[in-house]
Amino acid sequence: MFCYQCEQTAQGKGCVGPVGVCGKNEDLAALQDLLIFGLKGIAAYAYHARELGAHDPEVDAFMHEALFTTLTNVDFDLDHHLQMVLKAGEMNLKIMELLDKAHTEKFGNPVPTKVYTGIKKGPAILVTGHDLLDLYELLKQTEGTGINVYTHGEMLPAHAYPELKKFPHLVGNYGTAWQNQKKEFEEFPGVILGTTNCVLIPKDSYKDRMFTCGVAHLPGVKHIANRDFSEVIKKALELPPAEEKEGGYITTGFHHTAVLSLADTIIEGVKSGKIKHFFLIGGCDGAKTTRNYYNEIADKVPKDSIILTLACGKYRFIHKDFGEIEGTGIPRLLDIGQCNNSYSAVKIALALAEAFKVGVNDLPLSLILSWFEQKAVAILLSLLYLGVKNIRIGPTAPAFLTPNLLAILNEKFGLQLITTPDEDLKAILG
């Protein structure tokens, strides 16, 4: 444990070890950290929803209560902190549902869409981050300018929303996950716009052609206020136009409305034995080589199984052709969208459980998640709130969780760390 919340911390530097000066133990401190991480994730989703005119007073009130709970000398009860952590999962589920509704009311229900991964000739702007409203306003302001707009990272699912895909100059997706952006941005032949989190401090080689907006700010990078992208457009037209670069296609847009439209075919596929299992393999990506686990297990998933994926972790395998479930026409790989679309994954699981008249934990469904930061933590808390068991997470355990707390989560929910693809598949499939 490390805590420096108050003036009485050991030697004025911070309490370490199993117990603090106030009597707080390391498990309580870890639960407070877990709660704070969850609140940060909730804040991200709530911010996006509020930008679209949607908010939930209950979620707002919980944020205040939960933050107060983590203050010095206010709550030493371990069980109550566990309850607050699960309550955070409930509130995150509510705000993700609200965000999904705000997105679909503004941009329509996503539909499965093939997205080009090459570069087209002409001036270019690359949009990274998560904020669909920023992209929408940019697309409106670049109409008729001859500028081609590309998505990057978590912006890929934008191509599936009807009100965004109607812009013909939204031409493709360039690059992969956030941790590769310094190399990818340096090589991109145009302007880069960072809209939310998952932006890195830029290299000098492209700093002068990068901009930020919204909550994103970078040192030495021009920040755009009020979604007036005139400077971004001016810079894009000043730069030498991009040259043609051939690419392939990736498919996104399997929002819960799209997947559930296939419900009868999926149910029949399960009953006939053509579909044996569902794997949700997704979450955040990162730089550790141990994350190769996720592309390796995706490759090894049996051909009679469907892989659901979402967030930037999918870039480890989304470019591969997984084919279809034989005799059904259903793709084996279904990209649900951003981490912001996690609510769709929940809706799909709950709908399948209802269709088969079983609990979620009785479905032939396995969740294998990669985490990196606070939003992934909030999503995990939502799954725990729903009672989803036997989730595998990786590549390593969050540093703020103590071994004792991990043991409690394992006992209550079966939460466990990934091992190897072969060992985990053997344990899942028997």
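Residues: numbered from 1 along the sequence shown. Here the structure is a predicted model, which is why all the values come from computation and not from measurement.
Distance CG/Asp77 to CG/Leu82: 9.0 Å, rounded to 0.5 Å. Taking OG of Ser261 as the start and CD1 of Ile266 as the end, the distance is 8.0 Å to the nearest 0.5 Å. Put simply, CD on Gln5 and CG on Leu71 are 7.0 Å apart, with the number rounded to the nearest 0.5 Å. Distance CG/Asp424 to OH/Tyr293: 3.5 Å, rounded to 0.5 Å. One distance of note links CG of Asp134 with CG of Leu139; it measures 11.0 Å at 0.5 Å rounding. To the nearest 0.5 Å, the span separating NE2 on His319 from CD1 on Ile250 amounts to 4.5 Å.
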Report task. Give the intermediate values and the outcome of side-chain contact (heavy atoms from CB on, under 4.5 Å) for residues Phe62 and Met84. Result -> CA-CA 9 Å; Phe62 173 77; Met84 290 296 287; 3.7 Å; yes
Query raised in the report: Given the rule in the side-chain contact (heavy atoms from CB on, under 4.5 Å) test, do Ser366 and His277 qualify, once you have shown the distances and angles that lead to the verdict?
Result: CA-CA 8 Å; Ser366 299; His277 209 86; 2.8 Å; yes
Report task. Apply side-chain contact (heavy atoms from CB on, under 4.5 Å) to the pair Phe400 and Ile36, showing each step before the final yes or no. Result -> CA-CA 11 Å; Phe400 52 84; Ile36 291 171; over 6 Å; no
Report task. Check the pair Cys213 / Phe229 against side-chain contact (heavy atoms from CB on, under 4.5 Å), numbers first and verdict last. Result -> CA-CA 9 Å; Cys213 64; Phe229 296 115; 4.1 Å; yes
Query - Stepwise side chain to side chain donor-acceptor pair (under 3.5 Å) test for His80 and Asp75 - result: CA-CA 8 Å; His80 182 251; Asp75 188 343; 2.5 Å; yes
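By the side chain to side chain donor-acceptor pair (under 3.5 Å) test, Glu184 is found to be paired with His152, Thr176, residues two or more places apart in sequence or in another chain being considered. Residues satisfying the side chain to side chain contact (heavy atoms under 4.5 Å, CB included) criterion with Thr151, sequence neighbours excluded, are Leu135, Met155, Ala158, His159, Leu170, Asn173. Considering only residues two or more places apart in sequence or on other chains, Ala44 meets the side chain to side chain contact (heavy atoms under 4.5 Å, CB included) condition with Lys375. In this view, Leu78 and Asp27, Leu28, Leu31 satisfy the side chain to side chain contact (heavy atoms under 4.5 Å, CB included) rule, not counting sequence neighbours. In terms of the side chain to side chain contact (heavy atoms under 4.5 Å, CB included) criterion, residue partners of Phe211 (sequence neighbours excluded) are, by chain and number, Val191, Leu193, Lys222, Ile224, Glu231, Val232, Lys235.
Under a cut-off of 6.0 angstrom, the local environment of NZ in Lys412 is sparse, with at most 12 non-hydrogen atoms contributed by other residues, nucleotides or ligands. A 6.0 Å sphere centred on CD of Glu186 holds more than 12 heavy atoms belonging to other residues, nucleotides or ligands.
Between Tyr136 and Tyr161, the gap from one ring centroid to the other reaches at least 6.0 Å.
Counting heavy atoms from C-beta outward, Val171 and Tyr150 have side chains that approach closer than 4.5 Å. For the pair Leu381 and Phe37, the minimum side-chain heavy-atom distance is 4.5 Å or more. Using a 4.5 Å heavy-atom threshold, the side chains of Leu383 and Leu369 count as touching. For the pair Phe413 and Ile391, the minimum side-chain heavy-atom distance is 4.5 Å or more. Side-chain contact between Val111 and Asn109 is absent, with no heavy-atom pair separated by less than 4.5 Å. Here the side chains of Phe372 and Arg291 are in contact, with some heavy-atom distance below 4.5 Å. In this structure, the side chains of Leu138 and Val149 come closer than 4.5 Å at one or more pairs of heavy atoms.
Side chains of Ser382 and Asn92: a donor-acceptor N/O pair is present below 3.5 angstrom, by distance only. For the residue pair Asn180 and Tyr315, no side-chain donor N or O sits within less than 3.5 Å of a side-chain acceptor on the partner. Side-chain contact annotation: His255 with Asn341, donor-acceptor N/O pair under 3.5 Å absent. Checking Thr402 against Asn404 by side-chain atom types alone, no donor-acceptor pair falls below 3.5 Å.
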In a table with atom names and distances, give each donor-acceptor pair under 3.5 Å that connects a side chain of residues 63-70 to protein atoms at least two apart or in another chain.
residue: Thr69; atom: OG1; partner: Glu65; partner atom: O; Å: 2.8
residue: Thr70; atom: OG1; partner: Leu67; partner atom: O; Å: 2.7

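Using cut-offs of 30° and 60° on the angle between ring planes, the pair His48 and His130 is tilted. Under the 30°/60° scheme for interplanar angles, the aromatic rings of Tyr249 and Tyr116 are found to be tilted.
Using a cut-off of 4.0 Å between Lys/Arg side-chain N and Asp/Glu carboxylate O, Lys300 and Glu296 are scored as not salt-bridged. A salt bridge between Lys140 and Glu137 is present, with a side-chain N of the basic residue lying under 4.0 Å from a carboxylate O of the acidic one.
For Gln338 (side chain) and Glu154 (main-chain N/O), a donor-acceptor pair under 3.5 Å exists by modelled atom type.
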